[in-house]
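Quick notes on the structure that follows.
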Amino acid sequence: MNSNHDITEMHLDVLREIGNIGAAHAATSLSQLLEHKIDMRVPKVALVTFDEMFELAGGTEKVVAGIFLRIEGDLTGSMFFVLTIESATQFIRKLTGDKEFEFAAVEELGMGVSALQELGNILSGSYLSALSDFTSLKIYPTVPSLSVDMVGAIVSFGLIEVSQYSDEVIVIETEILQEGEQGISSLAGHFFLLPDPLSYRTIFSSLGVL
């Protein structure tokens with residue numbers, strides 16, 4: 001499997017199923033962390049171009065909170081979780097109890113950095129754990145780093161390796177639903193899973209769907 005063009009709907013269906021299992025695990029962890037019910041689902045897994053990926057996240061110049069980590073072990077790659085500033089603010093307020101929290105530069109975030117890094121740990125850990133269970137591969141996430149910047153600046157770093165081989169990436173759309181005083185609200189985010197090119201073959205051969 002030399003290029004992403006070999007990825008079929010069946011491959012994406014398998015990744016969606018893994019994503020939903022990972023989301024269920026993440027929802028349980030987040031519910032315990034926030035002490036109220038959280039639901040998560042993966043409505044869509046798609047193979048998209050770089051331009052489409054930027055558009056999904058709001059356009060290259062939209063300022064977002066981005067959590068980035070590398071994947072190491074039997075397969076390698078990059079993973080991003082991109083949240084709107086509004087969603088990131090909402091999450092930090094919930095986790096820290098600081099109802100007045102507002103976003104500024106990362107260096108001024110204080111506890112907000114830890115809150116978002118913990119979110120990154122839970123989401124990436126849950127997804128990679130599900131992927132590892134399905135494939136029996138050993139997969140390790142690095143410590144997540146946080147950026148508040150334009151989408152183009154945050155994601156471009158992870159595209160350097162991939163862009164030598166392909167112009168497409170896998171997007172795992174993730175929706176976080178939480179019950180609050182005003183009913184159910186949604187924290188929409190996007191997972192961008194960017195396996196290094198040789199890792200596609202590893203993933204799908206392990207799943208028996210090469």
Side-chain angles (χ1 to χ4, degrees), residues 19-20 22-27 29-31 33-34 36-46 48 50 52-71 78-128 141-159 169-180 182 184-194:
N20 276 312
H25 293 166
S29 298
L30 281 175
S31 296
L33 189 67
L34 297 171
H36 67 262
K37 183 170 172 56
I38 297 286
D39 283 322
M40 284 182 63
R41 62 192 186 96
V42 177
K44 181 178 168 188
V45 176
V48 300
F50 294 165
E52 288 169 334
M53 179 179 64
F54 288 133
E55 286 307 309
L56 275 173
T60 55
E61 296 185 357
K62 183 177 177 68
V63 176
V64 295
I67 301 163
F68 167 75
L69 53 91
R70 283 287 295 170
I71 304 164
S78 300
M79 183 179 272
F80 296 88
F81 187 65
V82 177
L83 279 169
T84 64
I85 295 299
E86 294 77 15
S87 289
T89 300
Q90 189 181 343
F91 179 80
I92 290 171
R93 286 179 178 178
K94 284 273 187 193
L95 192 56
T96 64
D98 179 2
K99 306 296 186 205
E100 306 300 315
F101 175 84
E102 292 292 344
F103 250 97
V106 171
E107 53 270 18
E108 298 171 22
L109 287 180
M111 286 294 292
V113 171
S114 299
L116 284 181
Q117 284 180 324
E118 184 60 20
L119 174 64
N121 274 327
I122 288 171
L123 296 179
S124 60
S126 297
Y127 184 79
L128 292 178
T142 63
V143 175
S145 61
L146 171 68
S147 301
V148 178
D149 205 338
M150 291 186 293
V151 169
I154 291 174
V155 179
S156 292
F157 178 73
L159 297 180
V169 295
I170 293 172
V171 175
I172 302 159
E173 201 164 321
T174 307
E175 193 172 25
I176 306 172
L177 302 169
Q178 58 183 359
E179 293 179 5
Q182 276 96 42
I184 293 176
S185 60
S186 172
L187 282 175
H190 288 96
F191 254 134
F192 298 127
L193 175 64
L194 283 63

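Just the heavy atoms: all of them, side chains too, but no hydrogens, waters or symmetry mates, feed the values below. What you see is a predicted model, and the numbers here were worked out from it, not measured in a lab.
- Smallest separation of non-hydrogen atoms from Leu128 and Pro141: CD1-CB, 3.7 Å.
- Taking the side chain as every heavy atom from C-beta outward, Leu30 and Leu119 approach each other to under 4.5 Å.
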Please report, to 0.1 Å, the donor-acceptor pairs under 3.5 Å made by any side chain of residues 52-61, with sequence neighbours excluded.
from	atom 1	to	atom 2	distance (Å)
Glu52	OE1	Thr49	N	2.8
Glu52	OE1	Thr49	OG1	3.4

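- Looking at Asp149, its side chain never comes within 3.5 Å of a backbone N or O of Ile154 through a donor-acceptor pair.
- Residues satisfying the side chain to side chain contact (heavy atoms under 4.5 Å, CB included) criterion with Thr142, sequence neighbours excluded, are Leu69, Arg70, Glu72.
- Side-chain contact between Val148 and Val63 is present, with at least one heavy-atom pair separated by less than 4.5 Å.
- Remark: Ser145 OG to Ile67 CD1 distance equals 9.0 Å, nearest 0.5 Å.
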Start with the C-alpha gap between Val45 and Ile170, add the side-chain angles, then the distance that decides, and say whether side chain to side chain contact (heavy atoms under 4.5 Å, CB included) holds.
CA-CA 7 Å; Val45 176; Ile170 293 172; 4.0 Å; yes

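- In this structure, CZ on Phe68 lies 11.5 Å from OG on Ser124, to the nearest 0.5 angstrom.
- Partners of Ala46 by side chain to side chain contact (heavy atoms under 4.5 Å, CB included), not counting sequence neighbours, listed by chain and number: Lys44, Val48.
- In this structure Ala26 satisfies the side chain to side chain contact (heavy atoms under 4.5 Å, CB included) test together with Met40, Ile122, Leu123, Ser126, sequence neighbours excluded.
- The heavy-atom pair separating Lys99 from Arg93 by the smallest distance is O-NE, 3.3 Å.
- Expressed to the nearest 0.5 Å, how far CD1 of Ile92 lies from CG of Leu116 amounts to 4.0 Å.
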